[in-house]
There are 2 protein chains.
Amino acid sequence: MTSSAPEPEGARPVPPPQRRPGGRSARIRRQVLDAVLAELGEHGYDGLTVDSVAARSGVHRATVYRRWGDVGGLLADVLDAAGDDAWQPPDTGSLEGDLAALNREIQDALVAEPPIVAALIAASFRSEQADHAQRRLWEDRYARCEVIVRRAVERAELPLGTDARRLLIAATAPVYHQLVLLRTPPGPDLPGQAARTAALAASAGAFAVPPPAGDT
Amino acid sequence: MTSSAPEPEGARPVPPPQRRPGGRSARIRRQVLDAVLAELGEHGYDGLTVDSVAARSGVHRATVYRRWGDVGGLLADVLDAAGDDAWQPPDTGSLEGDLAALNREIQDALVAEPPIVAALIAASFRSEQADHAQRRLWEDRYARCEVIVRRAVERAELPLGTDARRLLIAATAPVYHQLVLLRTPPGPDLPGQAARTAALAASAGAFAVPPPAGDT
DNA sequence: TCACTACTGCGACAATTGGTGCGTTAAGAT
DNA sequence: ATCTTAACGCACCAATTGTCGCAGTAGTGA
C-alpha cells in the first residue's frame, strides 16, 4: 500500500467529489438531457446511443461517458430530473372527476408527438439503473396521487380503509395497458371509462383493506 | 425504360423463390427460435444479439442475418410462432373464477424464471417488425378470451351488450401494469383482486355498450 | 438414381459503437 | 488577480455489428 493519499488535514476517506453544480456543469447537463429527450422522440427507445446524444448536445462523447457511463445512466438521470417538478394531481371535486382528469393527462402524455413518454418507458427496460430510476418515478407519482383518494374519503365518497394504491392502479392501468403494451388506438373516451369503472368498483367497496387483526 | 426482362414464356414478374420449407430449413428455424428464447431468459431483452443467438443455436451468423435480417425479425418470428398454439382461456363456471384463473396464468407467466415472457414484451419495443407481431399476438389472445364474457352473458351473470374487450382489459390490465411497468412485488392475491374488481364493475353495468343509434 | 438449385457454412471485410489516457480549459476559492 | 483541480476535448484503441463472395450440402422433382 503506497501512502499516495497523505491527507494532511484530517480524515477525508472519500473526498466528497465536491460537486460543482455551477455554471458549466449545469449547462452541460441540461444540454445533454435535452438531447436525450430529443433523440428519444426522434429515433425511439433504441435509437438512443451515447454517440448521437453527444453529437446533438454539442458535448463531447468522452464527457458523456465519464459523467453518465452509458445509456442507462443517461436515462436514469432524465427520469430523476423528471421527478423534480411540482406536479400535483388534478382536483375537480369528485373522485371520478379526479381520476378521469388524471387519466386524460396520462393519455395525452402517452399519445403526444413525439412520443417521448412512451419511449422513456420502453427505454427504461434497457438497463438496471434506468429501471431503478423508473421505479422511483412511478412510486413518487402514485404517492402524490394518493391525495385523490384521501379527499374522496373525506368527502365520504369512499369508505374508510380504502386501499388508495390499488384503486389508483385499477383506474390508470387500462390506459397504460392499452397505449403502452397493447398499442391499439384508444377508444372514444378511454380515460373517462376507466375512471368511471374504477370509481364504481371503489364505491362498491372493492378496494377495502381487511381490518388489521388486533385492532380494537 | 429498357425491356431488360424479356420473359419469353408468359408473365412471371417476380418468379416466386420457390421456398423449400423442408427438413433442414425447419430444423434450423427451430434451433434458432429456441436459442432466442434461451438468450432472452438468460441475458434479458437487450442482451439479445444476432451473434449470441447464432452461437447458441449452432447456426452461422450469416445465415441468421440472411433469413431474419436483424433482432426484430427474430423476435417477430418467435412471437408469431408463439401464437400457433391451442391455448384456450380457463373455464371455471363463473365470470370471476374465469378472470381470476386467467390472471393467475398471466402472473405465473410474468414472474416465471427465467422471465421469458416479460423479456419478450420488453424486447418487442425494439423494432417495428416485433411490434407488429406483438400486436397480432395480443389481438389473438384477447379475441380468444372473449368467450369468457360470452359464457357469462349466457349464464345471465352479465347484461347483454357488455363490451367484452373492455371488460377483459379492465380485469387483466392491473396485473400487467404492476408486473411489467411498475415492477413492484405483487400483492398477496393480485390476480384474484383484479378479477373481483372487474367482475364487480361488470355486474354493475360498467361495460355496457351504448345501444347502437337507430336500433329499435 | 440423378440433376438442379435453394440454402447453409466459411472467412474476410467495412462500419459503427463502446471505452480510455492525456493535455487543456475554466469554475470556485483565497 | 491567481491558484487548484474538476471537468472537458482530442486522439486512439478494442469490440461489436452487419455484409459479401464463394464453395459445399441437402431438399426436390424428373
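Protein chains get the first letters and strands the later ones, always in sequence-line order, with residue 1 at the start of each.
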- [ ] Rounded off to whole Å, could you give me the CZ-to-P distance for the B:Arg67 and C:dA6 pair?
- [x] 15 Å
Open item on the list: What verdict does the salt bridge (charged side-chain N to carboxylate O under 4.0 Å, His left out) test give for B:Asp108 and B:Arg104, after you've listed the backbone C-alpha separation in whole Å, the side-chain angles of each residue and the deciding distance to 0.1 Å?
Closed with: CA-CA 6 Å; B:Asp108 288 346; B:Arg104 264 189 293 277; over 6 Å; no
- [ ] Look at B:Asp70 together with B:Arg126 and state whether they make a salt bridge at an N to O cut-off of under 4.0 Å.
- [x] no
- [ ] Check the distance between C:dT25's P and A:His60's NE2 and give it to me in whole angstrom.
- [x] 15 Å
Open item on the list: Rounding to an integer number of Å, can you tell me how far B:Asp51 CG sits from D:dG18 P?
Closed with: 9 Å
Open item on the list: Using only modelled atom types and a 3.5 angstrom limit, is any donor from either the side chain of B:Arg27 or the base of D:dG27 paired with an acceptor on the other?
Closed with: no
Open item on the list: From CG of A:Asp70 over to P of D:dT16, roughly how many Å is that when rounded to an integer?
Closed with: 16 Å
- [ ] Identify which nucleotide among C:dG9, D:dG18, C:dG18 has an atom closest to any side-chain atom of A:Thr49, counting heavy atoms from C-beta outward.
- [x] C:dG18
- [ ] Using a 4.5 Å cut-off on heavy atoms from C-beta on, say whether the side chain of B:Ile121 contacts that of B:Leu110.
- [x] yes
TODO: Indicate, yes or no, whether a donor-acceptor pair under 3.5 Å links the base of C:dG9 to the side chain of B:Arg66.
DONE: yes
Task: d(CG, A:Leu74; P, C:dG18) in whole Å - done: 11 Å
TODO: Calculate the interatomic distance between B:Leu48 atom CG and D:dT17 atom P; express it in whole Å.
DONE: 10 Å
TODO: Determine yes or no for a side-chain-to-main-chain donor-acceptor pair under 3.5 angstrom, with B:Arg135 supplying the side chain and A:Arg183 the backbone.
DONE: yes
Open item on the list: With nearest nucleotide decided by heavy atoms, which residue, A:Val50 or B:Ala62, maps closer to the 5′ end of DNA chain C?
Closed with: B:Ala62
Task: Test item: A:Thr92 side-chain N/O and A:Asp98 main-chain N/O as donor-acceptor pair under 3.5 Å - done: yes
Open item on the list: Once rounded to the nearest 0.5 Å, what's the spacing between atom CZ of A:Arg29 and atom CG of A:Asp77?
Closed with: 4.0 Å
Open item on the list: Rounding to an integer number of Å, can you tell me how far B:Tyr65 OH sits from C:dA15 P?
Closed with: 16 Å
Open item on the list: Within the 4.5 Å heavy-atom criterion, are A:Thr172 and B:His177 side-chain neighbours or not?
Closed with: yes
Task: Side chain B:Arg61 and base D:dT19 donor-acceptor under 3.5 Å - done: yes
Task: Terminal helix-axis angle for the helix from C:dT1-D:dA30 to C:dT30-D:dA1, with five pairs defining each axis and rounding to 10 degrees - done: 40°
- [ ] Examine D:dA7: is either OP1 or OP2 under 4.0 Å from a nitrogen or oxygen in the side chain of A:Thr63? Give yes or no.
- [x] no
Task: Gap between atoms CH2 and P, on B:Trp68 and C:dT8 respectively (whole Å) - done: 7 Å
